[in-house]
Protein chains: 2
Amino acid sequence: MPSACPNPAPSIDKVNTEYVESLVGYNARRAALVIIEQFLQRMAAYDLRPVEFSVLSLIGHNPGITSRQLCATLSILPPNLVGMINQFEKHGLVIKRPHPSDGRATGLHPTPACEALLREAEKTALELENEATARLSAAERKTLIRLLKKVYL
Amino acid sequence: MPSACPNPAPSIDKVNTEYVESLVGYNARRAALVIIEQFLQRMAAYDLRPVEFSVLSLIGHNPGITSRQLCATLSILPPNLVGMINQFEKHGLVIKRPHPSDGRATGLHPTPACEALLREAEKTALELENEATARLSAAERKTLIRLLKKVYL
DNA sequence: TATTGTTATACTCTATAACTATA
DNA sequence: TATAGTTATAGAGTATAACAATA
């Protein structure tokens, strides 16, 4: 018998969020989701979502990086990277070249088009970052990043 | 002609992550994912995932809260809450009672079993929080939460 | 007309198992 | 035997559209 009660009960006017807001995990997730939401809007112009942007940026700053290295760096699973890389290659943003010493691996290299796209996209990313963290001072922003790194690195 | 180059190219020994790590969004997401991973492991004993835990905790601290208020507070969509609440009701954790003044709304109330579960689950959540943020001092942890709130509130 | 709660459904993201080619 | 990359697929999480009941 699923418990149901027919009698009305007092309602809540202001929600008490004290407990959940005392958790780092809760706050980090909420903050990340807010920034990601703005990211999706602003970066739609480049057809780049957060993970795709991170992958392309890492390739741009690390020509010759392998899929394995990307997966390890970003904590993504290999099967979920294959299609992304193929799309980048199809759109002329990434070129695959043989790894110099490991015949199993493939080096991923940015094309000039990739580098041009990244110049714009990374500029936009910094802009939206500054907007999303507008209520933080430069020092606070630096502190926030330092403390977040101490959690996940 | 999808650009492929047959000539080997130098490989990357150490990945340069400088740019992505300069973004608050990237760091917040990575930190949140690390904590959530630990959360999933530790809270599996209670069969509670992060959102379910947040919902149940808010009901426990706000007897009579409505689905609408939960959705607004946690930024989740009403259709994705229905099944969750029904499961809680089915497991004897939540009771629905009529809203005192709004015939459309339903007040959600914790059962004694819910309160007992929350005492254990919230204790476990605090433990894993302290483990996940073990590299932070108490002051740093407080600062981190304060700065994260300034981003999303 | 707007809002609460609901159903059905689609889409995205992430996870697992199994395979090949090479080390 | 272990690893890099791939394929196919399953699952979880999230989003949209439309509806009934009430305000």
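In what follows, every chain begins at residue 1, and chains take the letters A, B, ... in the order their sequences are listed. What's counted below: heavy atoms across the whole structure, side chains too, no hydrogens, waters or symmetry copies.
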* Determine whether the side chains of A:K96 and A:N86 contain a donor N or O and an acceptor N or O closer than 3.5 Å. =>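 There is such a pair between these side chains.
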* Distance only, no hydrogens: is a donor on one side chain within 3.5 Å (strictly under) of an acceptor on the other, for A:Y46 and A:T124? -> yes
Is there any protein nitrogen or oxygen under 3.5 Å from a nitrogen or oxygen in nucleotides 16-23 of chain C, and what are the pairs?
from	atom 1	to	atom 2	distance (Å)
C:dA23	OP1	A:G103	N	2.8

Rounded to whole angstrom units, what separation is found between the [atom1] atom of [X] and the [atom2] atom of [N]?
| X | N | atom1 | atom2 | answer |
| --- | --- | --- | --- | --- |
| A:M84 | C:dA15 | CE | C1' | 14 Å |
| A:I36 | D:dA15 | CD1 | P | 11 Å |
| A:I65 | D:dA4 | CD1 | C1' | 14 Å |
| A:L81 | D:dG5 | CG | P | 9 Å |
| A:Q41 | D:dA15 | CD | P | 12 Å |
| B:L70 | C:dG5 | CG | C1' | 13 Å |
| A:E37 | D:dT14 | CD | P | 13 Å |
| B:M43 | D:dA12 | CE | P | 18 Å |

Rounded to the nearest 0.5 Å, how far apart are [atom1] of [X] and [atom2] of [Y]?
| X | Y | atom1 | atom2 | answer |
| --- | --- | --- | --- | --- |
| B:I59 | B:Q69 | CD1 | CD | 11.0 Å |
| A:T143 | B:L144 | OG1 | CG | 10.5 Å |
| A:D47 | A:Q87 | CG | CD | 9.0 Å |

* Measure from the side-chain heavy atoms of A:R49 and tell me the nearest of D:dA12, C:dC13, C:dT7. => C:dC13
* **Contact nearer the 5' end of DNA chain C, comparing B:G107 with A:V51** =>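 The residue whose closest nucleotide sits nearer the 5' end is B:G107.
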* **side-chain N/O B:R68 vs C:dG5 OP1/OP2, d < 4.0 Å** =>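 For C:dG5, neither OP1 nor OP2 has a side-chain N or O of B:R68 closer than 4.0 Å.
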* N or O in side chain of B:K96 less than 4.0 angstrom from C:dT6 OP1/OP2 ->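 Yes.
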* Could you check B:E52 against A:T106 and say which one's nearest nucleotide on DNA chain D is further toward the 5' end? => A:T106
* Output every pair passing salt bridge (Lys or Arg N to Asp or Glu O under 4.0 Å) with a member in residues 144-153 of chain A, not counting sequence neighbours, ordered by first then second residue. =>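 For residues 144-153 of chain A, and leaving out neighbouring residues, the salt bridge (Lys or Arg N to Asp or Glu O under 4.0 Å) pairs sorted by first residue read A:R146-B:E140, A:K149-B:E21, A:K150-B:E140.
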* B:Y19 vs A:H61 aromatic rings, parallel, tilted or perpendicular, using cut-offs 30° and 60°? ->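 Parallel, since the angle between the ring planes stays under 30°.
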